[in-house]
Protein chains: 2
Amino acid sequence: MRDRKAATREHLLICAQQLVASAGFSGLQMQQLANHAGVATGTLYRYFPAKEQLAAEVFKRATRIEVAQVAQALTVSAAAPAQIAHALNVFAQRALRAPTLAWALIAEPVEAAVDQQRLQFRQQYAELFATSIQRGIDNQQLPAQNAQLSSTAIVGAIAEALIGPLAQVSRHTEANTPQPSTTVVDDIVQFCLRGLLAAPYSTATTHRLIQENADD
Amino acid sequence: MRDRKAATREHLLICAQQLVASAGFSGLQMQQLANHAGVATGTLYRYFPAKEQLAAEVFKRATRIEVAQVAQALTVSAAAPAQIAHALNVFAQRALRAPTLAWALIAEPVEAAVDQQRLQFRQQYAELFATSIQRGIDNQQLPAQNAQLSSTAIVGAIAEALIGPLAQVSRHTEANTPQPSTTVVDDIVQFCLRGLLAAPYSTATTHRLIQENADD
DNA sequence: CTAAAGAATGAATCTAGATTCACTTTTTGT
DNA sequence: ACAAAAAGTGAATCTAGATTCATTCTTTAG
């Protein structure tokens, strides 16, 4: 029956997600997965043409959930800055609560095919924020700026700030109430908000300086 | 003679760097390197215990150069904001001029051992900027803020903003005057400066919002 | 109930590179 | 000039996983 086949596929994907969530993508090995899912290695290839596809799909699914959460956070009706701050908090808090998964999605060294997904993953976030930022600009709640760029910068900033804590946590135990600096989150959010909100910085001085020093 | 041995080692490292600069770390293969350097594969193992070490050392060297350039850019005597803006420009401009190398250092999927180096690489930048930021705060040229965090955020923001352009460029031809949007650089720098300079954003509204929505 | 179709199996195979090592060539010291 | 010692060689081996496939088990249909 079709149902059964789909269910098995689903089961395999869930098992794969569990492996990733507990050991990152390096822990997602076909033998391992077969054991965990209670099937033979060959069976995996009845459901996925290659590991690459499987890994990519796991990434995509995990991504979809995270992106949806952030998207939802961006729907709270509030001034753009507060809205974005809230979304950033959701992003960071979720990451810190599932550090290994977050690390796998954000920073783990992965094969090229999965890395490709990661690029899209980040772009999805960027687009989400860009939309909010643009709305803020149109509303005069934010100063004029390159919404796309600011958005990308935000995503980069928060990802980078999380990498340290995540790498640390995901290497060690998992469930022992790690509570890694919530302060970090506040500080990053602050930085991003300042970046979004502030009046543009006069480039005059900067540019003169750069010209003078242009030839390294 | 010792000299000769050191010279050969140097030669091998330079060849390795060239490979990385032209094809990323995935292009750094022992056979490949041996060909390029005009030696046999076995010879490589007389100079490096394993590929891991070799790759890590290549990364370290490339890093050292980049970090030094940025460090130097941070020595220009000027107000902290201008100083940092200048350094960011140097960083970005160098990256765009050697896109494949920059991509390899910043974003290419690499084996875990090299990725370890990358973490340090980013931390080095972060420390550099943190020092400047702290100086700026002490001078009252910058508002009070978590210098370490702001610094990390800056590094993340600029890296993230460059990944798109770099990935694009490094996939294609190398030397054909690509001139990828210098605008990007200006916009990122602007964002970072706003993040550094602006007065802190009042968290009152934000926090109320977050509390209300805390349970996803 | 039986045969054809559909799934599952897992040991054997394949693969892409890194790594080794018995042997050759070059250098050094006397 | 000669013998150690050092350096170089590259085909053969190893390795870690992914992938295959001839065979066995299950389900479905008539």
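Every chain is numbered from 1, with letters handed out A, B, ... down the list of sequences.
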Write down the distance between [atom1] ([X]) and [atom2] ([N]), rounded to a whole number of angstrom.
X: B/Leu44; N: D/dT9; atom1: CG; atom2: P; value: 9 Å
X: B/Arg4; N: C/dT27; atom1: CZ; atom2: P; value: 8 Å
X: B/Met30; N: D/dT15; atom1: CE; atom2: C1'; value: 15 Å
X: A/Leu19; N: D/dA18; atom1: CG; atom2: P; value: 11 Å
X: A/Lys5; N: D/dT26; atom1: NZ; atom2: P; value: 18 Å
X: B/Glu111; N: D/dT15; atom1: CD; atom2: P; value: 18 Å
X: B/Leu33; N: C/dT19; atom1: CG; atom2: C1'; value: 14 Å
X: A/Gln32; N: D/dA18; atom1: CD; atom2: C1'; value: 14 Å

Separation of B/Ile154 CD1 from B/Ile133 CD1 (nearest 0.5 Å): 4.0 Å
A/Thr43 side, atom OG1; A/Leu12 side, atom CG - distance, nearest 0.5 Å: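 If I round to the nearest 0.5 Å, the distance is 8.0 Å.
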N-O pairing of A/Arg61 and A/Glu10 below 4.0 Å: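 Yes, charged N to carboxylate O under 4.0 Å.
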On DNA chain C, check which nucleotide each of A/Thr43 and B/Gln31 is closest to and give me the residue with the more 5' one.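 Nearest nucleotide further toward 5': that of A/Thr43.
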Under 4.0 Å, counting only non-hydrogen atoms across every strand here, what does B/Tyr47 touch: a base, just sugar-phosphate, or nothing?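 It contacts sugar-phosphate atoms only.
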Categorize A/Ala50 for me: base, sugar-phosphate, or nothing, with a 4.0 angstrom heavy-atom threshold over every strand shown. sugar-phosphate
Could you tell me whether the phosphate oxygens of C/dA8, OP1 or OP2, come under 4.0 Å of any side-chain nitrogen or oxygen in A/Tyr45?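 Indeed not, no polar side-chain atom of A/Tyr45 lies that close.
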I want to verify a distance call: between C/dA18, D/dG8, C/dT20, whose nearest atom is closest to the B/Arg46 side chain?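 Within the option list, the nearest is D/dG8.
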Closest approach to the side chain of B/Lys51, judged atom by atom: which nucleotide of C/dT19, D/dA7, C/dG10 is it?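 Comparing C/dT19, D/dA7, C/dG10 against the side chain of B/Lys51, the answer is C/dT19.
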Answer whether the closest heavy-atom distance between the side chains of A/Phe191 and B/Leu196 falls below 4.5 Å.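 Answer yes - side chains close enough.
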So do B/Asn89 and B/Val189 actually touch side chain to side chain, heavy atoms under 4.5 Å?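 Touching, per the 4.5 Å side-chain cut-off.
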Please figure out whether A/Gly42 or B/Val39 has its closest DNA chain D nucleotide nearer the 5' end.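 Checking each residue's closest nucleotide, the 5'-ward one belongs to B/Val39.
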Quick check: on DNA chain D, is the nucleotide nearest A/Glu52 upstream (toward 5') of the one nearest B/Thr8, or the reverse? Name the residue that is more 5'. B/Thr8
